[in-house]
**Student:** 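Before I ask anything, here is the structure I am working with.
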Amino acid sequence: MDLRGKTLCASGFHTPRRGTIDVLDDVLIEIDGSGVITAIHRHGDPNYRTIRYTRDMSGELVTLPPGSYLLPGFVDLHVHAPQYPQLGDALDVPLEVWLQKYTFPLEAKYEDVAFARRVYGLLVDDLLANGTTTALYFATIHQEATRVLVDTCLEKGQRALIGKVAMDNADECPDYYRDASPQAALEGTRALIDYVRGHPDNGDGRVLPVVTPRFIPSCTDATLEGLGAVARECGCHVQTHCSESDWAHGYVLARHGMTDTESLDRFGLLGRRTVLAHANFLTERDMETVWTRQAAVAHCPLSNAYFANAVFPLRAALEKGLHVGLGTDISGGPSASMLENSRGAILVSRMLQSGVDPNLPAAARSTFGSAQIDFRDAFYIATTGGGIALDLPVGQFTPGYQFDAVVVDTEAEKGTIRLFQDRDKGEGVLQKIIYTASRPNLATTWVGGQQV
Ligand code: GUN
Ligand code: FE
């Protein structure tokens with residue numbers, strides 16, 4: 001059902017501020033003709049009853065059934081669209097081997113536009129069915145296939161930020177899969193920006209272009225410098241991998257004599273609209289720099305377990321006031337579900353805090369200090385945090401924000417959440433959703449008020 005121009009009466013949850021869940025109880029959400037929330041009315045507000053009655057009489061009221069809960073759509077802050085065929089596969093080797101052995105050969109196949117069309121169609125459908133209403137995508141080096149991803153998101157209605165991957169360093173990228181020169185990397189990036197901004201079906205800017213140096217190892221300095229200039233000229237988003245693994249972090253220290261964060265900053269690639277994937281090995285000073293630049297981190301907990309040799313210290317970052325969102329890192333992480341990744345974020349935070357070596361006594365096992373987060377923080381980074389990271393009005397039900405939302409049907413027969421009326425109440429219901437709901441429970445997804 002199209003909710004543009006309608007008022008939705010729903011119960012559900014959102015978390016505009018970290019640490020606090022706002023429980024929505026039969027609230028009225030007014031949505032304008034362009035899919036933006038214009039007002040929220042709660043039980044007890046002076047005109048609640050009048051508005052509910054008049055909207056009902058005029059046929060503009062839509063009411064969610066009991067047992068259904070409205071959440072903000074998820075913001076997946078790190079997805080490699082071309083890696084979808086590899087989801088749940090190729091997790092047996094370290095990052096630098098994985099790239100050369102599995103990932104570059106797969107990404108090279110997107111030379112074939114028909115292949116791209118098939119994979120990207122499946123991926124966007126699956127992400128929408130998983131409640132992901134906004135995704136920040138790495139595509140491949142190919143201009144045509146990357147345009148196919150843009151077209152696919154526009155056709156299917158997903159809010160998306162998409163980058164043609166720039167990678168031209170012959171020392172780290174194979175002959176069969178690399179930009180031919182810095183000029184090729186920069187021209188490809190500019191061409192994608194023009195394509196997205198000039199797209200006839202993208203009048204409302206649902207898809208945005210992203211400057212996307214893969215990571216420092218795969219780019220020459222000329223390309224990094226050129227991309228910094230493009231980002232400045234175009235004012236668009238930037239995404240890259242930052243200090244992800246021991247190898248990646250050490251490579252940049254050896255080549256540039258500084259950390260990824262310092263190097264990206266010198267190239268002008270660290271700004272308010274920059275998203276750094278992983279960022280596991282940030283130093284104290286790096287964190288300061290990221291904070292000062294108001295850049296963001298995409299925390300990818302499942303991927304960290306396979307490729308990072310470490311867990312991102314999420315709680316410390318949030319407490320410092322860094323912008324952090326959640327990413328699946330398809331296919332470095334083996335799940336396309338933001339709910340599963342939310343659980344993953346909680347799980348790895350607890351293991352980081354306790355340590356995991358059973359041969360050590362408890363005091364010696366725990367070396368890190370406080371790291372544990374709960375379902376509130378996980379839900380925050382999966383929604384509000386992602387919106388803030390992207391500087392977009394998404395991730396919460398607040399006037400002026402896009403109506404991007406997903407309905408969790410807790411009574412779906414094939415679902416995986418079971419509520420017990422006498423014990424599951426208030427934000428406890430959200431806790432159970434985060435821990436146990438899955439795709440069969442996700443009934444409806446809207447982006448900008450449009451059902452997708
Ligand atoms: N570093 C450079 N490329 C990649 C990638 O595709 N995935 C991950 N997880 N890390 C990377
Ligand atoms: Fe990645």
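Whatever order the structure lists ligands and atoms in, that order sets their numbers, starting from 1.
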**Student:** If you count the atoms of ligand 1 from 1 in the order shown, which ones are under 4.0 Å from a heavy atom of D329?
**Tutor:** 8 (C), 9 (N)
**Student:** Which residue holds the protein heavy atom closest to atom 3 (N) of ligand 1, what is that atom called, and what is the gap in Å?
**Tutor:**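 Minimum-distance protein heavy atom for atom 3 (N) of ligand 1 reads R214 NE, 2.8 Å.
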**Student:** Does even one non-hydrogen atom of F215 get within less than 4.0 Å of ligand 1?
**Tutor:** yes
**Student:** Is W98 in contact with ligand 1, taking contact as a heavy-atom separation below 4.0 Å?
**Tutor:** yes
**Student:** Apply the side chain to side chain donor-acceptor pair (under 3.5 Å) test between Y177 and each candidate in E111, E107, Q100; give the one that qualifies.
**Tutor:**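 Between Y177 and the candidates, side chain to side chain donor-acceptor pair (under 3.5 Å) is satisfied uniquely by E107.
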**Student:** Under 4.0 Å from a heavy atom of H278: which atoms of ligand 1 are those, numbered in the order shown and with their elements?
**Tutor:**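 The list of qualifying atoms is 9 (N).
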**Student:** Using distance alone, with no hydrogens and no angle criterion, decide if H241 and H78 have a side-chain donor and acceptor under 3.5 Å apart.
**Tutor:** yes
**Student:** Around the Fe ion (ligand 2), list the protein N/O/S atoms within a radius below 2.8 Å, excluding water molecules.
**Tutor:**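 Sorted hits: H78 NE2, H80 NE2, H241 NE2, D329 OD1.
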**Student:** Is W247 touching ligand 1 with its side chain, its backbone, both, or neither, if touching means heavy atoms under 4.0 Å apart?
**Tutor:** neither
**Student:** For F138 and H80, I'd like to know if the aromatic rings sit close, meaning centre-to-centre distance below 6.0 Å.
**Tutor:** yes
**Student:** Only heavy atoms of E244, strictly under 4.0 Å: list the atoms of ligand 1 that pass.
**Tutor:**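 Contacts of ligand 1 toward E244, numbered from 1: 1 (N), 8 (C), 9 (N), 10 (N), 11 (C).
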**Student:** Will you find, in the side chains of D76 and T132, an N or O donor that is under 3.5 Å from an N or O acceptor?
**Tutor:**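 Short answer, no.
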**Student:** Determine whether more than 12 heavy atoms belonging to other residues, nucleotides or ligands lie under 6.0 Å from atom CD of E233.
**Tutor:**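 Atom CD in E233 is crowded, with more than 12 foreign heavy atoms closer than 6.0 Å.
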**Student:** I'd like to know if R315 pairs up with D377 as an ion pair, taking the criterion as any Lys NZ or Arg NE/NH1/NH2 lying under 4.0 Å from an Asp or Glu carboxylate oxygen.
**Tutor:**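 The answer is no: the pair does not qualify as a salt bridge.
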**Student:** Under a 3.5 Å threshold, yes or no: a donor from one side chain and an acceptor from the other, between D260 and S263?
**Tutor:** no
**Student:** Check the orientation of Y69 and F13. Use parallel for under 30°, tilted for 30 to 60°, and perpendicular for over 60°.
**Tutor:** parallel
**Student:** To the nearest 0.5 Å, tell me how far E262 CD sits from S243 OG.
**Tutor:** 9.5 Å
**Student:** Geometry only, no angles: is Q83 polar-contacting ligand 1 at N/O separations under 3.5 Å?
**Tutor:**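 Yes.
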**Student:** Quick one: pull up OH in Y102 and CD in Q83 and give me the separation to the nearest 0.5 Å.
**Tutor:**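 Between atom OH of Y102 and atom CD of Q83 there are 13.5 Å.
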**Student:** Heavy-atom contacts with L95 under 4.0 Å: which atoms of ligand 1 show up? List them by number with element.
**Tutor:** 8 (C), 10 (N), 11 (C)
